[in-house]
There are 2 protein chains.
Amino acid sequence: MSNQELVVRGQGDGVGACCPGLLTAPLDEGQAVELAKVFKALGDPVRLRLLSMIASRAGGEVCVCDLTPAFDLSQPTISHHLKLLRQAGLIDCERRGTWVYYWLVPETTDRLANILTRPAGKPLPDRTAPAGAAS
Amino acid sequence: MSNQELVVRGQGDGVGACCPGLLTAPLDEGQAVELAKVFKALGDPVRLRLLSMIASRAGGEVCVCDLTPAFDLSQPTISHHLKLLRQAGLIDCERRGTWVYYWLVPETTDRLANILTRPAGKPLPDRTAPAGAAS
DNA sequence: ATCTTGCATCGACGGACATCAATGCAACCT
DNA sequence: AGGTTGCATTGATGTCCGTCGATGCAAGAT
């Protein structure tokens, strides 16, 4: 139940890899494909709410039975979205008795945050007087 | 040419708004819908590569004529992806003579990075010995 | 004015995705 | 054993999305 999520956490491969971020050097095709899978998983309002409900939960984990009733959607639909979040490496889960508990995988969100953070020293090109402004 | 992108930069409204991030408190429906639009724009390999090419460019801007030949895609397709990135508030553009130049809107990526960053003090629930482990 | 070049828009098509009802399966309870 | 509850999987359906060729439009060149 805890296998098969994308490899996003390794040091030398996967989404984040070595690269200093989206904003510093052009992504190659492979990196872009891997990263896009994770962002696509975040590109749905239901999945964003699920993720935030799971992440913000005191104790660090949530039972599915606490998630489903918060939405106007069928139980299979919620289960489907949870599966996508898990395959993206954003959450993981475990069955305990009758119930299944989900929790955040913080390494993945950390990595995304880093990828979206621009290097400190970069001095924001001045947008008020464009470089090659037409006469 | 520089209007109509999503409002993502204000202090009191839009995507980021006041909220301390995805990971701290549950998102309400409206916040989730707005945020999802931006993440959805990032959920495609072509758009990710476009964004990184634009963001990492020395000088801060890129001519479309430098972007298109980097892909095995038609010119209308690239134009379409650039439009989506612009509507998400991630980039902006300006026509100068014959050419159109694009640049990053760093406020938007900054905000996403913040949203994905967990509060410093939060002590990572111990995953090695699950709370209510079944006997 | 006409031609050419750079980019956006339009309309169409095929594949991907969100959703549901039905079903399957595991674990608990008699 | 049989019944019940919690969740995942399956199959079907309607919609969205990425892609293209054709076209439109703006700006420089002749």
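Reminder, nothing fancy here: chain letters follow the sequence lines and each chain counts from 1.
Phosphate contact (OP1/OP2 of C:dA16, side-chain N/O of A:Lys40, threshold under 4.0 Å): absent.
For A:Arg57 (side chain) and A:Gly59 (main-chain N/O), no donor-acceptor pair under 3.5 Å exists by modelled atom type.
In this structure, A:Tyr102 reaches the sugar-phosphate backbone alone: every heavy-atom distance under 4.0 Å involves primed, P, OP1 or OP2 atoms, never a base. Using a 4.0 Å heavy-atom distance criterion, A:Phe71 is classed as making no nucleic acid contact. Residue A:Leu67 is classed as having no contact, given no heavy-atom separation below 4.0 Å to the nucleic acid.
By the side chain to side chain contact (heavy atoms under 4.5 Å, CB included) test, A:Cys63 pairs with A:Cys65, A:Asp66, A:Trp99, A:Tyr101, sequence neighbours left out. A search for side chain to side chain contact (heavy atoms under 4.5 Å, CB included) contacts involving A:Pro76 returns A:Ser74, not counting sequence neighbours. B:His81 is linked by a side chain to side chain contact (heavy atoms under 4.5 Å, CB included) to B:Asp44, B:Val46, B:Arg47, B:Leu50, B:Thr77, counting only residues two or more places apart in sequence or in another chain. Residues satisfying the side chain to side chain donor-acceptor pair (under 3.5 Å) test with A:Gln75, not counting sequence neighbours, are none.
As a whole-Å value, the separation of A:Leu82 CG from D:dG6 C1' is 13 Å. Atoms CH2 (A:Trp99) and C1' (C:dC29) sit 12 Å apart, rounded to a whole Å. When rounded to the nearest whole Å, the span between CD of A:Glu94 and P of C:dA27 equals 13 Å. Regarding A:Leu85, its CG atom lies at a distance of 10 Å from the P atom of C:dA18, rounded to whole Å. Rounded to whole Å, the distance from CZ on A:Arg47 to C1' on C:dT19 is 12 Å. Put simply, CZ on B:Arg95 is 12 Å from C1' on D:dG24, counting in whole angstrom units. Distance CD (B:Gln87) to C1' (D:dC16): 15 Å, rounded to an integer number of Å. The interatomic distance linking A:Ile78 (CD1) with D:dG6 (C1') rounds to 14 Å, in whole Å.
Rotation axes derived from the C1' atoms of the five outermost pairs at either end of the helix from C:dA1-D:dT30 to C:dT30-D:dA1 lie 10° apart, to the nearest 10°.
The closest side-chain heavy-atom distance from B:Leu22 to A:Leu48 is below 4.5 Å. Looking only at side-chain heavy atoms (C-beta outward), A:Glu34 and A:Val38 stay at 4.5 Å or farther from each other.
If you check D:dC7, C:dC7, D:dT5 against the side chain of A:Thr98, the one that comes closest is D:dT5.
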All N/O contacts under 3.5 Å from nucleotides 19-22 of chain D to the protein, with atom names and distances to one decimal?
from	atom 1	to	atom 2	distance (Å)
D:dT19	OP2	B:His81	NE2	2.4
D:dC20	OP2	B:Ser74	N	2.8
D:dC20	OP2	B:Ser74	OG	3.0
D:dC20	OP2	B:Thr77	OG1	2.8

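Interatomic distance, A:Leu35 CG to A:Lys40 NZ, rounded to the nearest 0.5 Å: 12.5 Å.
Residues A:Arg86 and A:Cys93 share a closest heavy-atom pair of CD-SG, 3.6 Å.
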